[in-house]
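Every heavy atom of this structure was used, including side-chain atoms; hydrogens, water molecules and symmetry mates were not. Within every chain, numbering begins at 1; the chains are lettered A, B, ... in the order of the sequence lines, protein sequences first and strands thereafter.
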2 protein chains.
Amino acid sequence: MFSPTEENYLKAIYLLTEKDSARAVATNELSAQMNTRAASVTDMLKRLADKRLIHYKKYKGVMLTTSGKSQALAIVRKHRLWEYFLVEKLKFQWDEVHAVAEELEHVKSEALIDKLDSYLNNPKFDPHGDPIPDRLGKLSASGFKNLTSLKVNEKGKVAAVIEQQPAFLKHLDKLHIHMSTPLKVIEHIAFDKSMTISINQTATVNISHEVAKNILITK
Amino acid sequence: MFSPTEENYLKAIYLLTEKDSARAVATNELSAQMNTRAASVTDMLKRLADKRLIHYKKYKGVMLTTSGKSQALAIVRKHRLWEYFLVEKLKFQWDEVHAVAEELEHVKSEALIDKLDSYLNNPKFDPHGDPIPDRLGKLSASGFKNLTSLKVNEKGKVAAVIEQQPAFLKHLDKLHIHMSTPLKVIEHIAFDKSMTISINQTATVNISHEVAKNILITK
DNA sequence: ATTTTATTTTAGACTAATCTAAATATTATT
DNA sequence: AATAATATTTAGATTAGTCTAAAATAAAAT
C-alpha cells in the first residue's frame, strides 16, 4: 500500500498536529521531525499530494486529507499497541520501546493488529499515556490537564507524558514519577516558571518548566 | 547492519542448503526462490561477496561463509520465533503465519528477540516442526524420518512439514493431519509412489508421493 | 517600501535494488 | 569435438528516497 517512508511522513504530520489538527505544518518542521533535509521533504510532499494523502500548496505548508489522517491513525494505532505489548508482555522499560515500535508499526497485516489488540484486551492508552486509536481510528478522549496548569495545592495523578526521549523518561524514573503517581503542586516559581511539587506524598522536589510541561495529569 | 533484501538472500541460500550445507547454490535456484530475475541475483551476489558473507565464483554458484551462515541463522531464528508467537499467543492458523513472519523477522533488536524467546519459554520447534536456532545459532537435532521412507505397518507421529504453502497446509488440515498426529503405513503403491496410510487410527486414505515427501515423522 | 534574512523549492546527482536485452560461459547432445 | 541448449553475467535503464548547491519566495527589519 504505502512505503514505510511514506507512512513515517504521514505519522509525523499527524503527531505535529495532534493538538490542533486545523493548522498547517511547515516544511522545516517536518524536516526536523524526520531528520532529513528540507529538499527531501519537498520531494516527498509532492508524492503524498499526488496520492491525495495531504493538501499541499507550495510555500504554504501541509495538512492531512481525510484519507491521509485515517492512514496516519492506523500507523499510530500500530505503534502504540506494539509499545503496550513490549512493556506489558515482554517487560521492556517504558523508555526502551519507542525505537522498536518504530519498526514494528510498519509490518503490514490487518489480522496481526486486530489479533494483537484482542490479545492485549483492547488497551486504550499506551505506556506513555497516549491514547490508542481503535480499528476505526477513534481515540478515547482523555481530558488530561498539563501539569503546568495546576494551581497551588491542586492534586492529580500522572496520566501521560508528551516528550518520549529516553533521557526524559529516565529523569522521571529518577524522580519516581510514573504513570498514575499522585502529585500535588506546592509552589509556582515565577522567576524561571519552575514548580515545586510533592511526589506520592513523600518527596518534595523542584522541577523545571521544561519537565513540567511534558507531564499530563488526571484526577 | 544488513538491509532486509540482503537478509532475504542470506536466508534463501541457507534454506536451500539446510540439508546439505556443503553444496553450492546456483543463480537460477536463488532467482526462483526469491522471485527475481537471474541478473538481479548476480548483482546481489557481488555485493554479498564484497561483504564476505558468501563465497562466490562467477558461474560456479554460491556458498555461505561462516559469517554469512551465522547471519542467516539469526534471521531464521527470528522468523521461527515469530511464527511460534503468532500461532501460540495470537491464535493464527499454521498456514497463515509465514507471510507475516517474513516481515517481523527483519525488525532489528537483539533485546526484542531475546525477550520474545523468554516470553515463549524458549521453544525448540516452530509450528511447522522446523527447529528454532538458539541465540548462538545452534539447532536441536531432530532425527526425523521422511514419511516416504517408512515401511508397511511402521508407525510414527507427524513431527514437521517441509513445504509450507498455505495450499499444502490446508490440504493436511482437511485430512486431519497435524503436528503429532499418529500415522501408520498401510501400503506403498509402486505405480505412482502414492501411499495408503491410517490417520489417528481412524481414517484410512491414499496420499500422493508429492504430499508424503513433505511430511516428516518421529516416534 | 526596500532591503535583509529565513524558508522553501528546483536542479542535478547518488545509491540500492530491480529490470530487459545482449553477450558470454558452461553443459549436454549429436 | 563441434554444435545446440541452457545458465549466467554484463550493460544500460528505472524508481524511491535521499543529498548539496543554487534559485525563488515569503517574512522580518530597517
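- Residues that satisfy the ring-ring contact (aromatic ring centres under 6.0 Å, His included) test with B/F2, not counting sequence neighbours, are absent from this structure.
- Nucleotide C/dT18 holds its C1' atom 15 Å from the CG atom of B/L30, rounded to whole Å.
- Among residues two or more places apart in sequence or in another chain, the ring-ring contact (aromatic ring centres under 6.0 Å, His included) test is passed with B/F85 by A/F85, B/W82.
- Pairs passing the ring pair (Phe, Tyr, Trp, His ring centres under 6.0 Å) check and including a residue from residues 42-68 of chain A, sequence neighbours excluded, do not occur.
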Give me the distances for all protein-to-nucleotides 3-6 of chain D N/O pairs that come in under 3.5 Å?
none

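- Taking atom CG of B/L10 as the reference point, atom P of C/dA17 lies 11 Å away to the nearest angstrom.
- Each of A/A38 and A/K58 lies near DNA chain D, and the nucleotide nearest A/A38 is the one positioned closer to the 5' end.
- Contacts of B/H106 classified as ring-ring contact (aromatic ring centres under 6.0 Å, His included), with partners at least two apart in sequence or in another chain: none.
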What donor-acceptor contacts under 3.5 angstrom involve side-chain atoms of residues 129-138 of chain A, with partners at least two apart or in another chain?
{"from": "A/D130", "atom 1": "OD2", "to": "A/Q164", "atom 2": "NE2", "distance (Å)": "2.4"}
{"from": "A/D134", "atom 1": "OD1", "to": "A/L136", "atom 2": "N", "distance (Å)": "2.8"}
{"from": "A/D134", "atom 1": "OD1", "to": "A/G137", "atom 2": "N", "distance (Å)": "3.0"}
{"from": "A/D134", "atom 1": "OD1", "to": "A/K138", "atom 2": "N", "distance (Å)": "2.9"}
{"from": "A/R135", "atom 1": "NH2", "to": "A/D114", "atom 2": "OD2", "distance (Å)": "3.3"}

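- Within 6.0 Å of NZ in B/K145 there are 12 or fewer heavy atoms belonging to other residues, nucleotides or ligands.
- Rounded to a whole Å, the NZ atom of B/K60 is 11 Å from the P atom of D/dT9.
- Legend: salt bridge (charged side-chain N to carboxylate O under 4.0 Å, His left out) pairs involving residues 24-38 of chain B, not counting sequence neighbours, sorted by first then second residue: B/R23-B/E29.
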Taking only N/O atoms, report every protein-nucleotides 12-18 of chain D pair under 3.5 Å with atom names and distance.
{"from": "D/dG17", "atom 1": "OP1", "to": "A/S3", "atom 2": "OG", "distance (Å)": "2.4"}
{"from": "D/dG17", "atom 1": "OP2", "to": "A/R47", "atom 2": "NH1", "distance (Å)": "2.6"}
{"from": "D/dT18", "atom 1": "O4", "to": "A/D43", "atom 2": "OD2", "distance (Å)": "3.4"}

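- Partner B/V62 forms a side chain to side chain contact (heavy atoms under 4.5 Å, CB included) with one of B/T27, B/L16, B/T17, B/L30 and no other, that one being B/L30.
- Annotation: side chain to side chain contact (heavy atoms under 4.5 Å, CB included) contacts of B/K60 (sequence neighbours excluded): B/K57.
- Every pair passing salt bridge (charged side-chain N to carboxylate O under 4.0 Å, His left out) that includes a residue from residues 86-97 of chain B is listed here, sequence neighbours excluded: B/D95-B/K170.
- In this entry the distance linking OH of A/Y59 with C1' of C/dT8 reads 5 Å, nearest Å.
- Rounded to whole Å, the distance from CG on B/D50 to C1' on C/dT15 is 14 Å.
- Rounded to an integer number of Å, the gap from CD of A/E29 to C1' of C/dT8 is 14 Å.
- Taking every heavy atom of residues 15-27 of chain B and every atom of DNA chain D, pairs under 4.0 Å involve B/A26, B/T27, by number.
- Not a single side chain to side chain donor-acceptor pair (under 3.5 Å) links B/K58 to another residue, sequence neighbours left out.
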